Amino acid sequence: MNTFAVKGNLIHAPVFGEIETQIGSLLEVDRDGNISSVISSDDPELIAREKYYRGKRNLFELSDNEFLLPGLIDTHVHAPQWPQLGKALHLPLHDWLQEYTFPLEARYADVGFANQVYSSLVETLIANGTTTALYFGTIHIEATKRLADICLNLGQRALIGKVVMDNPEQCPEYYRDRSTSVGLNETYELIDHISSASGNASKRVLPVLTPRFIPSCTDEMLSGLGKIASETGCHIQTHCSESDWQHRYVIERHGCHDAQSLDSFGLLQPNTVLAHANFINDDDMALISSKSSAVAHCPLSNFYFSNAVLPVRKLIDSAIDLGLGTDISGGFNPSIFNACAMAVTSSRALEEGVDAALPAHERGRRNMRIDFKEAFWMATTGGGRALDLKIGMLRPKYAMDAIVVDTSIEESNLKIWKDLDSSDDVLQKIIHNVHRTNITKVWVQGNQIK
Ligand code: GUN
Ligand code: FE
């Protein structure tokens with residue numbers, strides 16, 4: 001049985017590098033909130049189906065200026081860093097963590113504070129079109145449960161982890177798990193809380209095993225989490241080979257790169273998402289690919305904290321699943337459309353090089369650019385693949401996670417010139433100039449949440 005339909009212009013990117021636009025199609029949604037069919041404008045059935053919904057008053061008819069897109073997928077967000085958005089960007093990773101980020105995250109011992117911040121964050125991400133987010137919480141179990149409850153209440157699809165960090169050499173006394181076993185037990189506690197939460201029968205919110213990164217965890221913690229992964233099959237998220245300092249730290253401690261080390265603890269699984277991964281080499285790529293693990297590309301944050309640009313095209317050529325992440329607050333913009341733009345920009349910097357003192361042929365690295373179509377694929381289809389969820393495309397059997405972008409909002413920088421702009425141009429303009437006011441409707445699993 002179908003519950004409603006949307007009639008209008010659809011844009012999505014099922015294939016890397018290709019945009020599919022369907023003008024005047026009818027998209028039907030079933031009782032479970034999944035897309036049941038997409039009827040194109042030249043299908044003889046269209047008129048009858050349209051009439052059926054109009055009669056029942058459950059047809060959303062979009063204007064020529066409106067476009068239905070898959071909901072955006074943010075594969076790397078630090079929820080507790082929301083109050084830090086746009087500041088503290090002057091330090092390298094290690095010092096930024098110790099001087100700004102750990103002191104801020106320690107405040108989430110206060111559940112009232114967590115409640116205030118997390119509500120503000122989730123509302124803002126939804127307003128910006130993010131229908132699914134993969135969240136790091138803090139070490140605090142109660143605050144992290146609150147984040148899950150808020151996502152359930154506000155209707156966002158979310159994957160949420162209690163951050164695990166127990167290594168006294170890297171984590172300050174005021175902000176670390178009281179012991180390895182406390183970190184592991186509270187991880188189980190979050191899994192139980194989310195799995196049994198009322199209103200989560202459809203598993204719209206999922207628990208995630210979250211070792212912050214290798215430096216913050218003891219080997220006992222990493223192997224304990226590997227065991228929980230094999231017992232439960234939960235998603236896993238962590239930071240991987242992000243910066244010169246972090247990459248070198250793991251080489252010195254484990255004698256190998258992050259990918260190999262994580263694999264030795266059983267943490268490279270098909271539902272693992274590795275944030276950043278800027279310093280992975282060909283062997284790491286082959287390993288990550290062979291395990292079907294994914295990478296969260298965080299292009300804006302990488303400019304500030306990673307000391308390098310991710311060679312996206314090499315990862316795609318290695319068949320690694322890739323999504324986009326804002327990395328709030330390492331990245332200062334909450335919009336995944338902005339992450340698309342930054343993915344394109346950073347790939348251009350990698351290809352062209354940036355130092356005019358070098359001759360042109362030595363300045364950059366060939367064939368590294370990606371375009372807006374490839375970036376949009378990462379923001380939608382790629383994110384869905386990275387998370388192993390049926391989201392990111394406007395296709396039957398996929399969840400109805402979608403947004404409407406209205407390109408005719410007066411108070412915005414997005415301006416379309418009908419006789420100058422093709423449908424691809426419209427998408428490219430949306431990516432570069434959209435504002436949250438242009439995002440007029442948001443659905444997750446068929447529920448309208450904006
Ligand atoms: N590595 C460990 N923790 C963090 C974090 O909070 N943000 C980023 N960007 N990298 C990290
Ligand atoms: Fe991060």
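One-based numbering, in listed order, for ligands and for the atoms of each. When a residue number appears, it is its place in the shown sequence, counting from 1. Not measured: the values here are computed from a predicted model.
- Ring-centre distance between H76 and H276: below the 6.0 Å cut-off.
- No close placement of the Y398 and H12 rings is indicated, their centers lying 6.0 Å or farther apart.
- Sorted by chain and number, the heavy-atom contacts of ligand 1 below 4.0 Å come from H78, Q81, L93, W96, L97, R212, F213, H239, E242, H276, D327.
- Panel detail: the Fe ion (ligand 2) has protein N, O or S atoms under 2.8 Å away, 4 in number.
- If you look at H78 and H239, their ring centroids are closer than 6.0 Å.
- Distance alone, capped at 3.5 Å, is enough to place a donor-acceptor pair between the T210 side chain and the V208 backbone.
- Across every non-hydrogen atom of T238 and P211, the tightest pair is OG1-O, 2.7 Å.
- Taking the six-membered ring where the residue is Trp, the centroids of F337 and H432 are separated by 6.0 Å or more.
- The one candidate from Y108, F113, Y135 that meets the ring pair (Phe, Tyr, Trp, His ring centres under 6.0 Å) condition with Y118 is Y108.
- Residues Y188 and H193 keep their aromatic ring centres 6.0 Å or farther apart.
- For an aromatic pair to be called close, the ring centres must be under 6.0 Å apart, and F102 with Y174 fails this.
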